[in-house]
**Q** 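One structure, as structure tokens, below. Some questions next.
Reminder, nothing fancy here: chain letters follow the sequence lines and each chain counts from 1. Since we're looking at a predicted model, the values are computed, not measured. The analysis underlying the following values was restricted to heavy atoms, covering all of them including side chains, and did not include hydrogens, waters or symmetry mates.
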Amino acid sequence: MHKVDSQFADPLPLDFYNRDSVTVARELLGKVLVRLTPQGLCAGRIVETEAYLAKNDAASHAYRGRTNRNAAIFGPPGRAYVFSIHQVFCVNAVTEPAGTTSAVLIRAIEPLAGIELMAKRRGHVRSYDLTRGPGKLCQATAIDLQLDGWDLTRGSRLWIADHPDARGVTISNSPRIGLGKAKDPLLRFFITGNQYVSKSRAGVAASE
DNA sequence: AAAACGATCTACT
DNA sequence: GTAGATCGTTTTG
């Protein structure tokens, strides 16, 4: 088995996720998404997130009730919610206590480790396209439906850790992506100026 | 059983 | 900046 690089070894604890989605979405920026497979370890710094709220959030997958697909977001925090759409997968971190339906979508990461492996999975694309986008980062790190409901606090297969060189990040936010979402509150968060943040959707409201 | 719907991506101009 | 591909999941008849 591959030895986990000690700088990424400690998963964020349950308490980190057991808070409201907006707080978790903001604080996930700068953290490191870690994926361990038999092929090796991949890791990337989270640079873009999007919060989905428990109640009155028509954009949430849980808004119209529980189904087989969205069961994970009705469960406890600190788990992954993975779904497929348009031939790709997207990954969320479930937040707030079990029974609520909040989550944070991971929209982009900046590659830190296992870059060769990620590039192999993605095929030949320009470097900044490697993990810029929720579907792309899942392809690069081999996240699929097998990880739906996975416990992110276990520190195996898939987890999130502190950045080894913790430093302040400058955060901005902007409306959600997608049609009809323009009037939504500012629930998409990203690290200002990072090349792996979605282009053409630059932030509107600086904060922090 | 059929139809509709995207928390997307790529390839254009 | 936008059109079109594409398919698993959900909803409807």
**Q** Does a nitrogen or oxygen in the side chain of A:Arg188 sit under 4.0 Å from OP1 or OP2 of B:dA7?
**A**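 For A:Arg188, the contact criterion (side-chain N or O under 4.0 Å from OP1 or OP2 of B:dA7) is not met.
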
**Q** Just wondering, do A:Phe83 and B:dA7 stack (centres under 5.5 Å, planes under 30°)?
**A** no

**Q** Grab the NE2-P distance between A:His86 and B:dT8 for me, whole Å please.
**A** 8 Å

**Q** Whole angstroms only, please: what is the CZ-C1' distance between A:Arg132 and B:dT8?
**A** 13 Å

**Q** Does NZ or CZ of A:Arg45 lie under 6.0 Å from the centre of the six-membered ring of A:Tyr196, at an angle within 45° of the ring axis?
**A** no

**Q** Determine: side-chain N/O of A:Arg122 to OP1/OP2 of B:dT10, distance under 4.0 Å, yes or no.
**A**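 Checking B:dT10 against A:Arg122, a side-chain N or O does come within under 4.0 Å of OP1 or OP2.
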
**Q** Taking only side-chain N and O atoms of A:His61, does any of them lie within less than 4.0 angstrom of OP1 or OP2 on B:dA7?
**A** yes

**Q** When you group the ILVMFWY residues by side-chain heavy-atom contacts below 4.5 Å and let the links chain together, are A:Phe190 and A:Val104 in the same group?
**A** yes

**Q** A:Arg66 CZ to C:dT10 P: how many Å, rounded?
**A** 12 Å

**Q** Going by distance alone, is a donor N or O of one side chain under 3.5 Å from an acceptor N or O of the other, for A:Arg122 and A:Gln139?
**A** yes

**Q** Roughly how many Å is it from CD in A:Gln139 to C1' in C:dC7, rounded to a whole number?
**A** 16 Å

**Q** Does DNA chain C take part in any stems of at least 3 consecutive Watson-Crick or G-U pairs (both distances under 3.5 Å), and if so, which ones?
**A**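 The stems are B:1-6 with C:7-12, B:8-12 with C:1-5.
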
**Q** Roughly, in whole Å, what's the span from CZ in A:Phe89 to P in C:dT9?
**A**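 Checked: the CZ to P distance equals 8 Å.
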
**Q** Please tell me whether A:Leu147 and A:Leu117 are part of a single hydrophobic cluster in this structure, the criterion being side-chain heavy atoms less than 4.5 Å apart.
**A** no

**Q** Provide, to the nearest angstrom, the distance between the CD atom belonging to A:Glu50 and the C1' atom belonging to B:dT8.
**A** 12 Å

**Q** Nearest whole Å is fine: how far is B:dG6 P from A:Tyr63 OH?
**A** 13 Å

**Q** Name the closest nucleotide to the A:Leu145 side chain, picking from B:dA7, B:dC9, C:dT9.
**A** C:dT9

**Q** A:Ile73 near the nucleic acid: base, sugar-phosphate alone, or nothing, with a heavy-atom cut-off under 4.0 Å?
**A**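 No contact.
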
**Q** Distance under 6.0 Å and angle within 45° of the ring axis: does A:Arg19 meet both against A:Phe16?
**A** yes

**Q** Does any part of the side chain of A:Arg69, heavy atoms only, come nearer than 4.5 Å to the side chain of A:Ile85, both counted from C-beta?
**A**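 Counting from C-beta outward, A:Ile85 and A:Arg69 do come under 4.5 Å.
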
**Q** Round to the nearest Å and state the distance from A:Gln87 atom CD to B:dC5 atom P.
**A** 19 Å

**Q** Using modelled atom types and a 3.5 Å cut-off, is there a donor and acceptor pairing between side-chain atoms of A:Trp159 and backbone atoms of A:Leu36?
**A** no

**Q** What does A:Asn68 touch in the nucleic acid at a heavy-atom separation under 4.0 angstrom: a base, only the sugar-phosphate, or nothing?
**A**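 Sugar-phosphate only.
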
**Q** For A:Ser84 and C:dG8, is the shortest distance between a side-chain N/O and OP1 or OP2 below 4.0 Å?
**A** no

